[in-house]
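Report on the structure given below.
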Amino acid sequence: MADCELLDKCGFFKKYGASHAPACQGLAAQYCRGPKKDQCKRKEYRKKHDAPPPDNMLPGGALLKE
Ligand code: SF4
């Protein structure tokens, strides 16, 4: 399965993709490198606002507390 086309410029993936936190790994596997990439809320946000979402916005749309 192809990776998300935004992988290289995605703040979430850059910041948390390499994280060892199991939750982030799971999300990256499901969304960024998996079958849910077309349901990603970050992608939707980028389209709607014509700008990238905050880095701490998760693919599911919730904001991660930092
Ligand atoms: S978080 Fe969404 S936009 Fe970012 S790389 Fe993953 S699937 Fe793509």
Side-chain angles (χ1 to χ4, degrees):
M1 177 159 305
D3 291 346
C4 173
E5 69 279 9
L6 296 172
L7 210 63
D8 288 346
K9 49 182 168 182
C10 178
F12 166 81
F13 192 77
K14 276 190 194 156
K15 205 164 173 179
Y16 303 109
S19 154
H20 294 294
C24 293
Q25 293 273 306
L27 287 171
Q30 280 291 309
Y31 285 87
C32 315
R33 298 188 185 280
K36 290 176 86 174
K37 64 174 72 66
D38 292 333
Q39 296 161 42
C40 179
K41 296 286 183 203
R42 294 184 54 86
K43 210 179 273 190
E44 199 176 299
Y45 181 106
R46 190 184 277 265
K47 236 182 239 167
K48 193 165 160 191
H49 299 272
D50 205 19
D55 288 352
N56 65 332
M57 181 179 169
L58 299 175
L63 289 179
L64 191 68
K65 289 200 180 72
E66 297 190 88

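Hydrogens, waters and symmetry mates are skipped; everything else that's a heavy atom, side chains included, is used. Each ligand, and each atom within it, is numbered from 1 in the order the structure gives.
- Note on Leu6 and Tyr31: separate hydrophobic clusters, where clusters join Ile, Leu, Val, Met, Phe, Trp and Tyr whose side-chain heavy atoms are under 4.5 Å apart, directly or indirectly.
- The backbone N or O of Ala28 lies less than 3.5 Å from no partner atom in the side chain of Arg33, so there is not a single donor-acceptor pair.
- Annotation: atom 1 (S) of ligand 1 to nearest protein heavy atom, Arg42 CD, 3.5 Å.
- Between Lys9 and Arg46, the shortest heavy-atom contact is O-NH2, 3.5 Å.
- Residue-ligand proximity, Leu7 to ligand 1, at heavy-atom distances under 4.0 Å covers atoms 5 (S).
- Both the backbone and the side chain of Cys32 come within 4.0 Å of ligand 1, counting heavy atoms alone.
- Every atom of ligand 1 with a heavy atom of Pro59 under 4.0 Å away is listed here by number and element: 1 (S).
- Residue, atom and distance of the protein heavy atom nearest to atom 8 (Fe) of ligand 1 are Cys4 SG, 2.3 Å.
- Look at Cys40 and atom 2 (Fe) of ligand 1: an N/O/S atom of the residue is under 2.8 Å from the metal.
- Taking every heavy atom of Phe12 and a limit of under 4.0 angstrom, the matching atoms of ligand 1 come to 1 (S).
- At a threshold of 4.5 Å between side-chain heavy atoms, the hydrophobic network of Ile, Leu, Val, Met, Phe, Trp and Tyr places Leu63 and Phe12 in two separate groups.
- From the protein, the heavy atom lying nearest to atom 4 (Fe) of ligand 1 is Cys10 SG, 2.3 Å.
- Between the side chain of Arg42 and the backbone N or O of Pro54, at least one donor-acceptor pair lies under 3.5 Å.
- The two residues Asp38 and Lys43 make their nearest non-hydrogen contact at OD1-NZ, 3.9 Å.
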